[in-house]
Amino acid sequence: MKSLHPLTWWLWSIALIVTVIRADSALYAALVLAGAALIVWRWAGNFPWSKSFWFSLRLGIFILIVRAVTGVLIGVPIPGTRIFELPILPLPDWMAGIRIGGVITQERLTSSLHEGLIIVAVIALFGAAVSLTSPHKMLRVLPIIVYEFGVAIVIATSSLPQLVASYSRIKRARILRGDEKPKFKSIALPLLEEALAKSLDLAAAMDSRGYGISRVRSRYRPIKWRSADTAIFSSGIVLLGLVWSVTS
C-alpha cells in the first residue's frame, strides 16, 4: 500500500465519516470502527504517525465515557424503563428543563452511548487517515493555492504522533536508568525540550530550502493516481450511496 496516492485514505475516511453521521446508528459506527482498526493494523506500517489511530481511539473512548456520564447525570429527562434513581440537585429557574440526577432510564443511557459512539467513530476515522498517510507525501500533492495552509495542517497532524513517540521513548529511557515508575513531572521537561528542538530543526530546514521564496512548485517524481486508489475511494463512495439511499 506504499504506492497509494496520499489523498486516497483521506477521501475514503471522509466518505465513511459522512456515512456514519448520515446513518446515525451505533451498530454501523461500531462496524466501521472495527473495519478501520483492521485496515490500520494491516497497512499502517511502522512510522511515527502510524499510531495516531490508536491514540485517537483511546481519546474517543475517553470522550465516550465522559459523554455517557454527563448524559446520564446532567440533561433533559427521557421517560422509559427505570434503572435506578439519583438525588436531584436544585438548579436556578433560568435552567428550567434541565436537571442533575433524578430517574436514570434505559433510554437515557442508550441515547448517551449512541451519541458518544458516533463521536468516537468520527475521531477514529480521522486518526485512521493520519495513520495511513505520510504527511510529507500529502504536502507534495497539495495545490499551490492551499500550500501554506497545508503546511500548517501537515505540521499539526504530524506533531501529535511525534509527541506520543517522544513520550514513549523518554519514558523507556527513564525505566532503563532505574526509574521503574517514572512520573509525568520527570518526563515533561525533556519532552518539552525535545519538542522545541524539533520545531527549531523544522524551521531551519524550511529556511535553508528557501520555503516561501518561489510560488512555483517543483514536480520531482510526481505521485500518480492509480487503479488501487480508485478502488479504495469507490468503496467509501458505494457505502455512502447505500446509506444515503436507505436513510432517505
Side-chain angles (χ1 to χ4, degrees), residues 1 7-44 49-89 95 97-133 157 160-161 164 231-248:
M1 287 292 181
L7 292 176
T8 301
W9 289 118
W10 276 100
L11 295 175
W12 173 81
S13 297
I14 292 173
L16 289 185
I17 288 172
V18 176
T19 63
V20 168
I21 297 174
R22 178 71 180 182
D24 195 21
S25 169
L27 177 60
Y28 180 76
L31 292 175
V32 169
L33 272 176
L38 181 62
I39 291 174
V40 171
W41 174 76
R42 179 65 179 84
W43 301 111
W49 57 84
S50 301
K51 298 180 181 180
S52 301
F53 173 78
W54 308 110
F55 179 79
S56 62
L57 187 60
R58 289 194 291 268
L59 176 63
I61 292 174
F62 173 75
I63 294 175
L64 172 63
I65 295 173
V66 173
R67 176 68 185 88
V69 172
T70 56
V72 168
L73 299 180
I74 306 172
V76 178
I78 300 178
T81 305
R82 174 175 174 174
I83 301 178
F84 58 91
E85 185 174 357
L86 296 174
I88 299 178
L89 298 179
M95 296 183 66
I98 299 176
R99 69 181 184 185
I100 299 178
V103 177
I104 309 302
T105 61
Q106 182 179 346
E107 288 74 13
R108 189 173 176 180
L109 178 61
T110 303
S111 176
S112 300
L113 292 175
H114 170 266
E115 294 176 0
L117 191 57
I118 292 177
I119 295 174
V120 172
V122 172
I123 295 174
L125 285 171
F126 275 117
V130 176
S131 295
L132 294 166
T133 306
T157 55
L160 182 59
V164 174
I232 293 174
F233 177 55
S234 299
S235 65
I237 294 298
V238 168
L239 284 175
L240 176 59
L242 291 175
V243 169
W244 202 278
S245 61
V246 170
T247 55
S248 296

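- Contact check for L125 versus I14: no side-chain heavy atoms found under the 4.5 Å cut-off.
- For the atom pair CG (L16) and CG (L31), the distance works out to 12.0 Å, reported to the nearest 0.5 Å.
- You'll find the side chain of F53 stays beyond 4.5 Å of the side chain of F126, heavy atoms only.
- A pairwise comparison of heavy atoms in A124 and S56 identifies CA-OG, 3.7 Å as the closest pair.
- Listed for the S50 side chain is a donor-acceptor partner under 3.5 Å among the backbone atoms of A44.
- Residues V40 and S131 approach most closely at CG1-CB, 4.2 Å, considering heavy atoms.
- Listed by chain and number, the residues in a side chain to side chain contact (heavy atoms under 4.5 Å, CB included) with L11 are L7, W225, F233 (sequence neighbours excluded).
- For the pair R67 and L113, the minimum side-chain heavy-atom distance is 4.5 Å or more.
- With a 4.5 Å cut-off on side-chain heavy atoms, I123 and L57 do not count as touching.
- A donor-acceptor distance shorter than 3.5 angstrom exists from the side chain of H114 to the backbone of D24, with no hydrogens or angles considered.
- Here the CG atom belonging to L242 is positioned 10.5 Å from the OG1 atom belonging to T247, to the nearest 0.5 angstrom.
- V243 has its side chain within reach of Y28: a pair of non-hydrogen atoms, C-beta onward, lies under 4.5 Å apart.
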Would L64 and I119 count as a side-chain contact (heavy atoms from CB on, under 4.5 Å) here? Give the steps. CA-CA 8 Å; L64 172 63; I119 295 174; over 6 Å; no

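- Annotation for T19 and L240: closest pair CG2-CA, 3.1 Å, computed over non-hydrogen atoms.
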Could you go through the side-chain contact (heavy atoms from CB on, under 4.5 Å) check for W10 and V130 one step at a time? CA-CA 8 Å; W10 276 100; V130 176; 3.7 Å; yes

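- Under the side-chain contact (heavy atoms from CB on, under 4.5 Å) rule, V120 has a single partner from I63, V20, L33, which is L33.
- Distance check, rounded to the nearest 0.5 Å: CG of L117 to OG of S25 gives 9.0 Å.
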Kindly indicate, with the supporting measurements, whether the criterion side-chain contact (heavy atoms from CB on, under 4.5 Å) is fulfilled by I237 and W12. CA-CA 8 Å; I237 294 298; W12 173 81; over 6 Å; no

